[in-house]
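Have a look at the structure below, then the notes.
Sequence lines set the chain letters: A, B, ... in the order given, protein chains first and strands last, and positions in each chain run from 1. These numbers were taken from a predicted model, which means no experiment stands behind them.
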Amino acid sequence: MPKNNKFAPQEKTGYPIMNIIEIIQQGVIKGIKSLYGADITAEQVTMNSTRKEFEGDYTVVVFPFARLARKKPDQIAEELGEYLVREVAPVEKYNVIKGFLNLSLSEVFWRGFLSGMYQDEAYGRQPANGQKVMVEFASPNTNKPLHLGHIRNILLGWSSSRILEAAGYEVVRVQIVNDRGIAICKSMLAWQQYGQGATPASAGEKGDHFVGDYYVLFEKKLREEYKGWQQSEEARELFEKKAENGQGEEAFFNSFKNTYFNEYSRLGAGAKDMLLRWEAGDEATVSLWKQMNDWVYQGFDETYRRLGVEFDKLYFESDTYLLGKDAIRKGLEKGVFYQKEDGSVWIDLTGANLDHKLVLRSDGTSVYMTQDIGTAQKRYQDFGVDKMVYVVADEQNYHFQVLFEILKRLGEPYADGLHHLSYGMVDLPTGKMKSREGTVVDADDLIAEVVEEARKNTADRDTVSGLSEEEQEAVIRQIALAALKFFIIKVQPRRRMVFDPKESVDLQGQTGPYVQNAYVRVQSVLRKGGEQDLSPAADYNRIEPQEKEMLNMLHAFPGLIQVAAEEYDPSGIANFCYDLAKAYHRFYHDLSILSADTAAAKAFRLQLSQAVANVLQHGMNLLGIEMPERM
RNA sequence: GGCUCCGUAGCUUAAUUGGAUAGAGCACCUGACUACGGAUCAGGAGGUUGCAGGUUCGAAUCCUGCCGGAGUCACCA
C-alpha cells in the first residue's frame, strides 16, 4: 500500500478533492453570470445529493434562477448543465428532470477521492481552530444513584464534546456536583439513626446505591412519622381549622406535607439541623458529609467507567454556592441590576422578552442564579474558554435564557459563546419516570441488563469462540453499550423520547450492533485479502450504484461533523453511521469483493471497504461507541 | 392564563433547514447462502405529516387560528 502519500490523490483530478460542492457552486455562479448576466451568491445555489432513484451525484435546484433568467426552469437547467460539463472538470454528465439539474461526476474524480482518503484514519477531522470550549454534563445530586435521565445527559455531553473536538475545538469536560443541601442531609441523618455504622463494603453495595438507600429510608420513615402524627390531637385541630371548604382529610394532609416537614416533623427538624451544622462547619457533621459523599463518588466513578466517560475537572457546589455575590455587587454599581427597598437585588429583563428576576435575596443570600453567574466567571478564570455548553434538561430552558442574558449584560467576554444543550425528558412506555412510584430506571441496572442480553446473543456464536474469555467479555460489553448508546443518541436532543428497555437491547435493525457488524465484516474481509497492492484500483472503470452511494456518503462525512458541532446535535452522526452501514451491507451482499471479476474491481472494493470501516469507526467513536474486531 | 417546545405508519423515529414519489427500524407476511460473517439482504403491507386557512413554481418544514401533549412562569435547587 502506498503509505507515504496518503493525502495525495493517485489520479489527477485537476481540483482539490474536498471542495467539490463549493466548486460546483462557483461554477453555477459563473454560469448564471455568463449565460444570463445575473449575479448570485453561493447561498442562493441550493444543492443536494441526488436522490437515489435518479442518475447523478449532486442536484442543483434551478427554480430560483427562473426569475433572473426569464426562462423556464427546464431550459435553464439544460443550459447550465451544458455549461458545467464544459467548464467544471469533475462534472461529466447531466440530466434534467422537472427542473432539477442532476450532475454526475467523473469516475476519475471518485477514484481520486477514494484513494486519497481510504487510509486516512483522521478523515473528517478538522484542524485545530484555536478555540476552547467547555462542556458541562452529568451534574448529579449526591443523594441518589444515576438513572436513565442522567444517561441521556451523559451520552449527549460526551458525544457533543467528541464532535466539538473533531470540529477543531479544544474541549474541557466538566460537571458540577450538587453535593450539598437538604437532600444529602436526609441521607446523613438516616444513616446516623438507622445505619449502625454500616458501610458500602460491609453491605456489599455500590456506594451511590448505599447512600441512596438511606435517602429512601429517610423518606419512608418520614412518611410513617407523618402518618402517625395525623392521628394526634394537634393534627386534628389543624385539619379542622385550616382545611378548605369541602377538602377531605387526605387531600389536606397531602398539601400540608411540606409545612409538616418544615414545622412539625422530628425528622425534618433533624435534617434541617444537620444542614445548619454543615453550614456552620461543624466538624463531626462535615466529616460525616465527606464520608458519605466519598462513597457516592466511588459509585459514580464506577458508572462513568462503565459508560466510558471521564471529566477534566469537577466543580462542587459546596465550593461554588457562595460565588457570584461579587458579580452582583459590581453589576449593581454598573446599573445592570437594581435594588428594592427590602434590600433584594433584581434585574429587569423585560427588554429581552423575559421577566424581572431576583439575583440576591433580601437577607443577602444567594439564589441558584447567583451561583451560576459566579461559577461561569470562575470557569472562565480557570480555563479562559471561548464557549461554554451546558447539557441540562429542557425544564431549565427559561433559567438558561435568563442566565445567558445576564452574563451578556455583565459584559462577560464569553457571553456570545454560551449554549444550553437542552434535551427532552426520557419517558418509559408506561409513562413518566417517577421516583415516588419506583419507576425510575437505574443506570447500573440498565447497563447490566443490556450486557446480559448481549451475552445471551453471543453465547451460541462461533465467531468469537476463538477469543479468550476476557476478550469475549470485552466484546459483549462493546456490543451491549453500542445498543444502549445508539438507541439514545439517534434521537434528536430536543425531542422528548420514549425509552423502551426491550427495544434498547435489540441487536438488529437500526441499532448500534448493526453498525458494528458492518465494521466487523470489513475487518473479516481485510484479514483475508487486505495485504495486497491496491494500486490496480486506479483502473477500475465501472463504479456500481452500490459503490457510488457509499462514495457520496463518505464525501459528505466531514461536512456532517461540522453541522453536528454547530448544532450541538450528535443524532445526525448516528443516523449517518446507520445509513453508511446499511449501504455497506447491501454492497457486500450484491457484489463480490475478494472474488471480484477483475483485479481492479477487487482493489477498488478493498479500498472502499477500508474507507467505510474507517469512517464508521470514526463516526461511532464520536458517539462514544467502540468497535469490536469480531462479534 | 402568559411564554417556550413537541404532534409524522400500530410502535420507535428520519427527512441535507423551503425541493423531486415523506425515508428507515420494530412488529406482521413472503422470499434469499454449496460465495468474502445470516447480528445480513430483497420484497409486501402500513401515511390526508393533529385540524383549518395562508405565503409560492414547490410546505412535514415558514405565517395565522384552533385541537392535543409537555415544560416553565419561587426571596426552591
Side-chain angles (χ1 to χ4, degrees), chain A residues 46-54 59 61 63-64 66-67 72-73 97-100 102 141 178 180-183 317 321 340 342-346 353-355 358-363 365-369 371 393-399 401 422 424-425 427 429 432 454 457-458 461-463 479 483 487 490-492 494-500 502-504 506-511 513-518 520-529 556 559-560 563 567 571-572 575-576 578-579 581-582 584-596 602 605 609 630-631:
Chain A
T46 16
M47 281 185 54
N48 307 312
S49 296
T50 303
R51 297 178 65 108
K52 59 173 180 259
E53 58 264 39
F54 303 109
T59 297
V61 184
F63 288 103
R67 205 167 300 153
K72 292 192 167 165
I97 299 172
K98 289 165 66 181
F100 292 88
N102 303 318
N141 293 316
N178 299 299
R180 62 169 287 278
I182 193 71
E317 204 200 349
Y321 81 110
K340 285 192 179 173
D342 62 5
S344 59
V345 181
W346 297 71
N353 230 337
L354 299 164
D355 224 323
L358 176 100
V359 292
L360 212 57
R361 293 193 188 104
S362 51
D363 63 5
T365 56
S366 311
V367 289
Y368 190 37
M369 191 62 72
Q371 275 186 56
D394 62 7
E395 58 189 351
Q396 294 198 37
N397 283 353
Y398 184 78
H399 173 80
Q401 277 181 39
S422 167
M425 297 284 180
D427 290 326
K432 284 180 75 163
N457 280 279
T458 307
R461 284 171 193 278
D462 51 3
T463 47
I479 295 170
F487 186 79
K490 73 178 181 187
V491 181
Q492 294 172 347
R494 70 159 179 280
R495 283 184 73 116
R496 213 179 159 99
M497 69 172 287
V498 177
F499 183 90
D500 186 339
K502 280 205 294 287
E503 278 183 41
S504 73
D506 272 356
L507 310 177
Q508 280 144 27
Q510 193 183 20
T511 66
Y514 175 95
V515 180
Q516 288 177 320
N517 188 230
V520 165
R521 282 188 139 172
V522 174
Q523 300 316 309
S524 174
V525 170
L526 292 179
R527 273 194 296 273
K528 289 178 177 143
L560 223 75
V563 172
E567 310 278 317
S571 67
N575 288 304
F576 169 84
Y578 170 73
D579 288 337
K582 187 179 168 67
Y584 190 80
H585 280 308
R586 183 169 24 232
F587 156 78
Y588 181 91
H589 177 268
D590 293 351
L591 305 168
S592 295
I593 302 168
L594 295 175
S595 41
K602 181 173 171 182
R605 287 172 190 168
S609 296
R630 300 166 198 266
M631 63 190 287

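In this structure, A/F54 counts as stacked on the base of B/A20 under the 5.5 Å centre distance and 30° plane angle limits.
Ring geometry for A/Y514 versus A/Y578: interplanar angle of 30 to 60°, hence tilted.
Between A/R495 and the phosphate of B/G7, there is a side-chain N or O to OP1/OP2 separation shorter than 4.0 Å.
A cation-pi arrangement is absent between A/R521 and A/Y584, since the terminal nitrogen or guanidinium carbon is not both under 6.0 Å from the aromatic centre and inside a 45° cone about the axis.
Side-chain proximity of A/Y588 to the nucleotides B/A77, B/A20, B/G37 is greatest for B/G37. Residue A/S524 places its side chain closer to B/C36 than to any other of B/C36, B/A39, B/U40. Comparing B/C41, B/C36, B/C5 by their closest approach to the side chain of A/V525 singles out B/C36. Side-chain atoms of A/R361 lie closest to B/C75 of the nucleotides B/A20, B/C75, B/U13. Listed nucleotides B/C75, B/U40, B/A24 differ in distance to A/N517; the shortest reach to its side chain belongs to B/U40.
Comparing A/R630 and A/V491 against RNA chain B, the residue whose closest nucleotide sits nearer the 5' end is A/V491.
Within 6.0 Å of the CG atom in A/D363, the count of heavy atoms belonging to other residues, nucleotides or ligands exceeds 12.
For A/T511 and A/D506, the side-chain atoms include no donor-acceptor pair closer than 3.5 Å.
In this structure, A/Q401 reaches neither bases nor backbone, as no heavy-atom distance under 4.0 Å exists between it and the strands shown.
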